[in-house]
Amino acid sequence: MENAIMVMAALIGAGITMGLASIGAGIGDGIVTSKFIEGIARQPEAKNTLFMNTLISVGLIEAMPIIATVIALIMLYANPLIK
């Protein structure tokens, strides 16, 4: 019975981890993109610099759900508390 509770807790924790990470990445991508469009509207001549910075920022933001997925998989398959 204790093993089933630990497995259930690991599954819930993995789901919450991946869900919150994807929500956070979506919000972050939206903010970065809106600021990019706002920057282009204010200074069209800075488009290339803004675009490069936006790509770097979005790439770093998208790394968060990937890392969260790895942590969730570790919680599921390499959990030392589950025998």
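As the structure is a prediction and not an experimental result, all values here were calculated from the model.
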Output a table of donor-acceptor pairs, distance under 3.5 Å, between side-chain atoms of residues 11-30 and any protein atom two or more places apart or on a different chain; print 'none' if there are none.
{"from": "Thr17", "atom 1": "OG1", "to": "Gly13", "atom 2": "O", "distance (Å)": "2.7"}
{"from": "Ser22", "atom 1": "OG", "to": "Met18", "atom 2": "O", "distance (Å)": "3.2"}
{"from": "Ser22", "atom 1": "OG", "to": "Gly19", "atom 2": "O", "distance (Å)": "2.9"}

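- Cluster annotation: Tyr77 is connected to Met6 through the hydrophobic network of ILVMFWY side chains, with a link wherever side-chain heavy atoms come within less than 4.5 Å.
- Grouping Ile, Leu, Val, Met, Phe, Trp and Tyr by side-chain contacts under 4.5 Å, direct or through others, puts Leu50 with Phe36, Ile37, Ile40, Phe51, Leu55.
- The side-chain hydrogen bond (donor to acceptor under 3.5 Å, both in side chains) contacts involving residues 38-51 comprise Glu38-Arg42, where partners must be two or more places apart or lie in separate chains.
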Using residues 58-67 as the side-chain source, report each donor-acceptor pair under 3.5 Å to any protein atom, sequence neighbours left out, with the distance given to one decimal.
none

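- Think of Ile74 as one node in a network of Ile, Leu, Val, Met, Phe, Trp and Tyr side chains linked at under 4.5 Å; its network also takes in Val70.
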